[in-house]
Structure formats: C-alpha cells, structure tokens
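We're numbering straight along the sequence, starting at 1. What you are looking at is a predicted structure, and each value in this text was computed from that prediction instead of being measured. In what follows, every heavy atom counts, from backbone to side chain, and hydrogens, waters and symmetry copies are set aside.
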Amino acid sequence: MAEVIVTMDVGSDGVALITISNPPVNALALPILAGLKEKFAEAMRRDDVKAIVLTGKNGRFSGGFDINVFQKVHATGDISQLPDVSVELVSNTLEDAKKPIVAAVQGLALGGGLEVAMGCHARIAAPKAQLGLPELSLGVMPGFGGTQRLPRLVGLSKAIDMMLVSSCPHIYLTTHTSKPILSEEGHKLGLIDAIVPPQDLLKVSRQWALDIADARKPWVRSLHRTDKIGSLSEARKIINNARQSAKRMAPNMPQHQACLDVIEEGIVHGGYAGVL
C-alpha cells in the first residue's frame, strides 16, 4: 500500500521541494495536512531554504480534501474532526509565509487542492491541468478560503460560475460550462501565472520562487488583492443575480445561498472576514 506522506527535499539552489503523496489523487487527508504544516515549519526555520515549491506526486497536484472525513462528520455529527485549514494552513502558514511559495500544478487541482494552490504566491501549471471548486455538489462550501481567493484572481462573475455552475449545471450565469476549467483558460484569467511543458514544470517553478525571493517577480498574496472585484455596487449586483438564478434552478440546495453569503461577506468586510 502506497505511503501517505509529505516529503521535503532541499536543493543546492536553496529551494525546498515539498511533495504531497497520497495516491491516486493526492487527497488532503488529515495526515497530509499535518505533514504540510510540519514541512513548511521546517522550511521556514532552515537557513539553507530561500524559497519553496509545492507539488503533488505522480503527475497530480491534489484532488482536494479527503471526502472520507466529510462522511465521518455527517455520520457522527462531530465537527471537531474538521481541521482549521482555511486560516491555520492556507492563510497563516502559506500565504503569510516569510519565504515565497510557488505551486507546481500538473494533472488536477480541485477543491481543497486548488484552494491550497491559491494560497501560494504563484501558480505554474502544465498544459491541460484541471482546475475547479466542485464542493457545492457534495453539499458543502469551499472551506479552505476559495470563496475569497478565486474572485480576487479570476473576477467575481467567473468565480461564481466556477463554484455554483460546477455543482449545478442547470444554473447558467455567464458561461455555459459545468466542468473544471483547464490551465490554459486559468492562465488567461490570471489564476495561473505560466504554462510550461510537464518536463520543465519543476525547473521553472523553482526559478520562479527564487525570482520572487530576489524581488525579480512580484510577491502576490491573493487574499489582499482587490483589483478584479470591481465596485461594491457592481459586486452586489452580480451576487444578487446569482442568488436569483440559484433560487430558481436549485431551490433545495441551500449551500449555494450560504456560499454567496460568504463571498459577499469577504467583499464587504475584506478577504480575511470571509475566511474566518
């Protein structure tokens, strides 16, 4: 049986490569989340580490949070099994890190996998990687900060499409797709910083991380961005239109309205308010 583990290798270039290994899709199981916190803490302490690249083993970044944990919570009602990933890992450990972190994405980054990638300071992807937040289709909301970071990276309308339409393909907001987007579209939208061949993914990601550390590329914290949100009145209009569409097409799916509430909270009161 394949080992569920997070590894770290520090190269002579001063880049720590942190790798998620949990076949087949590198799900973010509880041991993986604990391992990520441990390895990032070690990387921050080490003087020989200038920058970090986060990736997944065997050509997949991560398929998201371990659905088995959700099933246990539903069965037992014990929400203490849900870790504080949104603030403790994605915001505090990744986004607010003192050393730059680049996500090297191949294959797929879905759900919590994409949310972790959005907490990094840049995202480099191989062609045809699948990117999406399908959590609402499971009856839950994106819980690792995706409700705040995705609108700030791709714009509010597209972010709502990616979250709501992927969970209910009958809701057509501005685009007619119920599938994850590919990395090529992600690059055009600003979710992905560069597309490179798979064989160059780690090399380019390492150099990108070093360039951020040396101030040759921008150090971007997604949660701090506001340039793609638009005015408050425009944002509220987009959200209200989405509410009406969701009420018509998915009246028995309250998670859609709750998701829109959280998105609006972050726009009105700031991104951190929306992840708390």
Colleague: Just to verify, what does His224 make a ring pair (Phe, Tyr, Trp, His ring centres under 6.0 Å) with, not counting sequence neighbours?
Modeller: Tyr272
Colleague: Before accepting this row, confirm whether a basic side-chain N of the pair Glu264/Arg243 lies closer than 4.0 Å to the acidic partner's carboxylate O.
Modeller: yes
Colleague: If only atom types and distance count, is the side chain of Ser245 paired as donor or acceptor with the main-chain N or O of Asn241 below 3.5 Å?
Modeller: yes
Colleague: Would you name the heavy atoms of Gly274 and Val262 that are closest together and state the gap between them?
Modeller: O-CG1, 3.3 Å
Colleague: So do the side chains of Leu156 and Ile239 get within less than 4.5 Å of each other, counting heavy atoms only?
Modeller: yes
Colleague: Are Leu28 and Val116 close enough, and set up right, to give a side-chain contact (heavy atoms from CB on, under 4.5 Å), and what steps lead you there?
Modeller: CA-CA 10 Å; Leu28 299 174; Val116 166; 4.0 Å; yes
Colleague: Say you draw a straight line from CZ of Phe144 to CZ of Arg149; how long is it, rounded to the nearest 0.5 Å?
Modeller: 11.5 Å
Colleague: Which is it for Lys158 and Glu185 under the salt bridge (Lys or Arg N to Asp or Glu O under 4.0 Å) test, yes or no, and what are the steps along the way?
Modeller: CA-CA 11 Å; Lys158 182 62 181 179; Glu185 183 179 356; 3.1 Å; yes
Colleague: Go through Glu38 and Val6 one step at a time and tell me if the side-chain contact (heavy atoms from CB on, under 4.5 Å) criterion holds.
Modeller: CA-CA 9 Å; Glu38 177 188 326; Val6 177; over 6 Å; no
Colleague: Does anything in residues 19-36 pair up under side-chain hydrogen bond (donor to acceptor under 3.5 Å, both in side chains), and if so which pairs, sequence neighbours excluded?
Modeller: none
Colleague: Quick one: pull up SG in Cys120 and CD in Glu95 and give me the separation to the nearest 0.5 Å.
Modeller: 9.5 Å
Colleague: Taking the side chain as everything from C-beta on, heavy atoms only, tell me whether Ile18 gets closer than 4.5 Å to Thr7.
Modeller: no
Colleague: Quick check: do Ile52 and Leu17 have side-chain heavy atoms less than 4.5 Å from each other?
Modeller: no
Colleague: Return the set of residues passing side-chain hydrogen bond (donor to acceptor under 3.5 Å, both in side chains) with Lys50 (not counting sequence neighbours), or none when no residue passes.
Modeller: Asp214
Colleague: Looking only at heavy atoms, what is the nearest atom pair of Met253 and Leu136, with distance?
Modeller: CE-O, 4.3 Å
Colleague: Is any side-chain heavy atom of Leu33 closer than 4.5 Å to a side-chain heavy atom of Asp66?
Modeller: no
Colleague: Any pair with a residue in residues 191-209 that passes side-chain hydrogen bond (donor to acceptor under 3.5 Å, both in side chains), sequence neighbours left out, goes on the list, sorted by first then second residue, please.
Modeller: Asp13-Arg206, Gln207-Asp211
Colleague: Any side-chain heavy atom of Lys228 sitting closer than 4.5 Å to one from Val154?
Modeller: no
Colleague: Tell me the closest heavy-atom pair linking Leu223 and Ser91, and the distance in Å.
Modeller: CD2-OG, 4.3 Å
Colleague: Would you say Ile20 ends up clustered with Val15 if hydrophobic residues are merged whenever their side chains have heavy atoms under 4.5 Å apart, either directly or through other cluster members?
Modeller: no
Colleague: Using only atom types and a distance under 3.5 Å, with no angle test, would you say the side chain of Arg60 pairs donor to acceptor with the backbone of Leu108?
Modeller: no
Colleague: With no hydrogens and no angle check, is any side-chain donor or acceptor of Ser231 less than 3.5 Å from a backbone partner on Glu234?
Modeller: yes
Colleague: Side chains of Leu114 and Leu133: closer than 4.5 Å at any heavy-atom pair?
Modeller: yes
Colleague: Is it the case that one hydrophobic cluster holds both Met8 and Leu210, taking links as side-chain heavy atoms less than 4.5 Å apart, direct or via other members?
Modeller: no
Colleague: Given the rule that I, L, V, M, F, W and Y join up when any side-chain heavy atoms are under 4.5 Å apart, are Leu201 and Val25 in one cluster?
Modeller: no
Colleague: Any donor-acceptor pair under 3.5 Å linking the side chain of Glu135 with the backbone of Gly143?
Modeller: no
Colleague: Side-chain contact, heavy-atom cut-off 4.5 Å: Val4 with Ile32?
Modeller: yes
Colleague: Is the side chain of Arg152 donor-acceptor paired with the backbone N or O of Gln148 at a distance under 3.5 Å, no angle test?
Modeller: yes
Colleague: Would you say Leu189 and Leu110 are hydrophobically clustered, going by side-chain heavy atoms of ILVMFWY under 4.5 Å?
Modeller: no
Colleague: Ignoring hydrogens, what is the shortest heavy-atom contact between Pro127 and Pro198? Give both atom names and the distance.
Modeller: CD-CD, 4.0 Å
Colleague: Test Leu54 against Phe61 for side-chain contact (heavy atoms from CB on, under 4.5 Å), laying out the working first.
Modeller: CA-CA 9 Å; Leu54 175 63; Phe61 186 76; 3.9 Å; yes
Colleague: Heavy-atom distance under 4.5 Å between the side chains of Met162 and Ile181, does that happen here?
Modeller: yes
Colleague: Grouping I, L, V, M, F, W and Y whenever their side-chain heavy atoms are under 4.5 Å apart, do Ile238 and Val268 come out in a common cluster?
Modeller: yes
Colleague: Not counting sequence neighbours, list each pair that qualifies as a ring pair (Phe, Tyr, Trp, His ring centres under 6.0 Å) and has a residue in residues 93-126.
Modeller: His121-Trp219
Colleague: Give, for atom CG of Leu182 and atom NZ of Lys188, the distance between the pair rounded to the nearest 0.5 Å.
Modeller: 10.5 Å
Colleague: With no hydrogens and no angle check, is any side-chain donor or acceptor of Ser222 less than 3.5 Å from a backbone partner on Met118?
Modeller: yes
Colleague: Just to verify, what does Glu184 make a side-chain hydrogen bond (donor to acceptor under 3.5 Å, both in side chains) with, not counting sequence neighbours?
Modeller: none
Colleague: Can you name the nearest heavy-atom pair linking Ile212 to Pro218, along with the distance?
Modeller: CG1-O, 3.8 Å
Colleague: Using side-chain contact (heavy atoms from CB on, under 4.5 Å), reason through Ile101 and Phe40 one step at a time and then give a plain yes or no.
Modeller: CA-CA 10 Å; Ile101 305 167; Phe40 276 106; 3.6 Å; yes
Colleague: Give the minimum heavy-atom separation between Pro142 and Met163, together with the two atoms involved.
Modeller: CG-SD, 4.0 Å
Colleague: Heavy-atom count around Lys57 NZ within 6.0 Å, excluding the residue itself: above 12?
Modeller: no
Colleague: May I ask you to decide if Glu88's main-chain N or O and Thr93's side chain share a donor-acceptor pair within less than 3.5 Å?
Modeller: yes
Colleague: For the side chain of Lys99 and the backbone of Val49, is there at least one donor-acceptor N/O pair under 3.5 Å apart?
Modeller: yes
